[in-house]
There are 2 protein chains.
Amino acid sequence: MNRSPLSESVEMYLKALVELSDREMVAIGRLADRLGVTAVSANEMVKRLGEQGLVKHTPYKGVALTKKGRDAACNILRRQRLWECFLYDHLKIEWTQLYEYACSLEHATAPEVTEALAAFLGNPQTCPRGNPIPAADGSFAPLNGIPLGELDTGRAATILAVNATATEVIKHLYDRNLLPGHKVTVLEAAPLQGPLTLRVDGKDVALGLALAEYIIVSR
Amino acid sequence: MNRSPLSESVEMYLKALVELSDREMVAIGRLADRLGVTAVSANEMVKRLGEQGLVKHTPYKGVALTKKGRDAACNILRRQRLWECFLYDHLKIEWTQLYEYACSLEHATAPEVTEALAAFLGNPQTCPRGNPIPAADGSFAPLNGIPLGELDTGRAATILAVNATATEVIKHLYDRNLLPGHKVTVLEAAPLQGPLTLRVDGKDVALGLALAEYIIVSR
DNA sequence: AATTATCATAAGGTCAACCTTATTATCTTT
DNA sequence: AAAGATAATAAGGTTGACCTTATGATAATT
């Protein structure tokens with residue numbers, strides 16, 4: 001029922017929130033980091049989002065999406081991921097650029113176009129980056145996986161999804177074959193937040209913990 | 001070589017200019033009207049466009065695109081019209097909504113995506129609204145037609161393109177079968193800028209002169 | 001030539017989304 | 001309990017793209 005057109009900025013905030021919502025409460029600092037804005041700016045925006053009822057901010061605790069906000073965010077994810085499918089499967093756009101290009105298109109997509117696109121694509125359930133595509137009503141089953149950083153040493157797992165958003169980060173992961181469907185084993189976790197040593201496709205790869213957070217693997 | 005990303009607003013101005021450029025010089029008033037802004041705002045923007053070398057403004061005479069501006073504008077038209085093809089042929093979007101939806105997408109389309117889309121569509125030459133699609137290098141042959149308002153009374157002609165941009169106007173024309181490929185005859189032109197009486201698909205239709213300007217017919 | 005319409009420009013205002021700098025609160029950790 | 005880290009808020013600035021109101025300048029019409 002909420003047909004007020006959200007601004008591009010607002011959409012980015014909502015998307016970031018839903019993508020960061022492993023834990024319920026998202027610290028404003030993390031949000032600001034992901035969006036590449038200052039904490040002050042993020043604070044201002046969160047205030048505005050709160051006024052629109054999209055978000056609940058508990059000072060010193062964090063931000064959480066409301067029902068309304070989560071619905072809006074799922075819709076945004078749906079549009080974005082449908083575009084990723086189209087760009088990858090039909091336009092043959094490079095995997096590393098999918099997020100960036102789909103993100104731009106997403107903001108410019110009317111509901112009618114979204115649904116027509118979904119039908120054209122045959123209502124896919126998963127985007128090329130491994131993430132589930134929310135249904136038109138906003139419902140979707142989150143991935144049943146854990147960040148690579150939490151995988152036990154020695155355990156092999158399959159990559160389910162790659163959630164990085166910065167194209168340079170995506171490229172970095174792509175170059176190391178850290179892609180959905182590939183198998184990884186954590187050989188070693190260096191102390192003091194040091195890098196992980198991974199075994200991917202028969203090669204050893206060192207990966208910073210921050211990067212490992214972006215990779216969701218099966219349990 | 002000009003890879004500075006043009007703002008959405010700038011793109012709208014350039015597009016309006018190229019679409020209005022039957023005559024070389026476009027009056028700022030007409031430009032403002034088409035974009036739905038005040039003449040003062042249009043003036044300000046034209047000044048900025050001039051500073052970027054996209055446009056030449058001769059006071060009290062009008063605005064004209066420079067080479068650089070025209071190239072940029074053709075690129076924009078290309079993107080927009082390719083999207084129209086996709087939306088119509090593949091997503092089965094209603095004809096009356098094509099312009100609006102394609103316009104939004106156009107602003108969000110990277111060059112790489114544009115070219116991939118063109119390839120996917122088989123490099124179409126014409127969009128569903130009848131307009132030619134500029135080539136990747138910006139070249140395109142303008143339609144060899146005249147506005148319906150200039151067609152001699154009694155002469156039959158074929159509609160080549162419909163150039164209206166406001167969805168309500170497009171709907172109005174669509175409801176009267178004023179669509180590319182259809183035949184029209186001007187039965188009568190009322191005096192004092194009065195409406196035209198047309199024969200379209202066996203029916204008589206009254207059409208204001210302003211609307212007739214949007215319809216390009218064969219000579 | 002005079003009137004009217006259009007066009008240009010000046011001045012000042014709004015709004016969203018950013019920014020910096022600085023101060024104050026709270027939380028966490030030692 | 002004190003210190004350091006993180007978070008919130010206040011104050012003020014910038015930018016792009018609009019807006020209104022008002023005043024000149026030119027063009028077109030009578």
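For clarity, every value in this text was computed on a predicted model and none was experimentally measured. Below, all heavy atoms of this structure are taken into account, side chains as well, without hydrogens, waters or symmetry copies. Chain identifiers are assigned alphabetically (A, B, ...) following the order of the sequence lines, protein sequences preceding nucleic acid strands; residue numbering begins at 1 within each chain.
The phosphate of C:dA16 (OP1 or OP2) has no side-chain N or O of A:R48 nearer than 4.0 angstrom. Regarding contacts with the backbone of C:dC19, a side-chain N or O of A:T38 is found under 4.0 angstrom from either OP1 or OP2.
Residues meeting the side-chain hydrogen bond (donor to acceptor under 3.5 Å, both in side chains) test with A:R155, sequence neighbours left out: none. Applying the side-chain contact (heavy atoms from CB on, under 4.5 Å) rule to B:A206 yields no partners; only residues at least two apart in sequence or on another chain are considered. The side-chain contact (heavy atoms from CB on, under 4.5 Å) check on A:P128 picks up A:E84, A:C85, A:Y88, A:W95, A:L98, with sequence neighbours excluded.
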Show me the donor-acceptor pairs within less than 3.5 Å that the side chains of residues 37-51 of chain A make with the rest of the protein, sequence neighbours left out.
{"from": "A:T38", "atom 1": "OG1", "to": "A:S41", "atom 2": "N", "distance (Å)": "3.2"}
{"from": "A:T38", "atom 1": "OG1", "to": "A:S41", "atom 2": "OG", "distance (Å)": "3.0"}

Pair up each side-chain donor or acceptor in residues 163-171 of chain A with any protein partner under 3.5 Å, not counting sequence neighbours, and list the distances.
{"from": "A:N163", "atom 1": "OD1", "to": "A:N131", "atom 2": "ND2", "distance (Å)": "3.3"}
{"from": "A:T167", "atom 1": "OG1", "to": "A:E100", "atom 2": "OE1", "distance (Å)": "2.4"}

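Residue A:Y174 places its OH atom among 12 or fewer non-hydrogen atoms of other residues, nucleotides or ligands, all under 6.0 Å distant.
B:L31 places its CG atom 14 Å from the C1' atom of D:dA17, with the value rounded to the nearest Å. Atom-to-atom, NE2 of B:H107 to P of D:dA17 comes out at 12 Å; the value is rounded to the nearest Å. Per the geometry, CE belonging to A:M25 stands 16 Å off C1' belonging to C:dT26, to the nearest Å. Rounded to an integer number of Å, the gap from A:E8 CD to D:dA17 P is 14 Å.
Counting non-hydrogen atoms under 4.0 angstrom, A:S41 reaches a base of the nucleic acid. Residue A:S9 is in sugar-phosphate contact alone, with no base atom involved, counting any heavy-atom pair closer than 4.0 Å across all strands shown.
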In 5'-to-3' order, the base (B), backbone-only (S) or no-contact (-) status of each nucleotide in nucleotides 4-15 of chain C, using a 4.0 angstrom heavy-atom cut-off, is ---BSBB-----
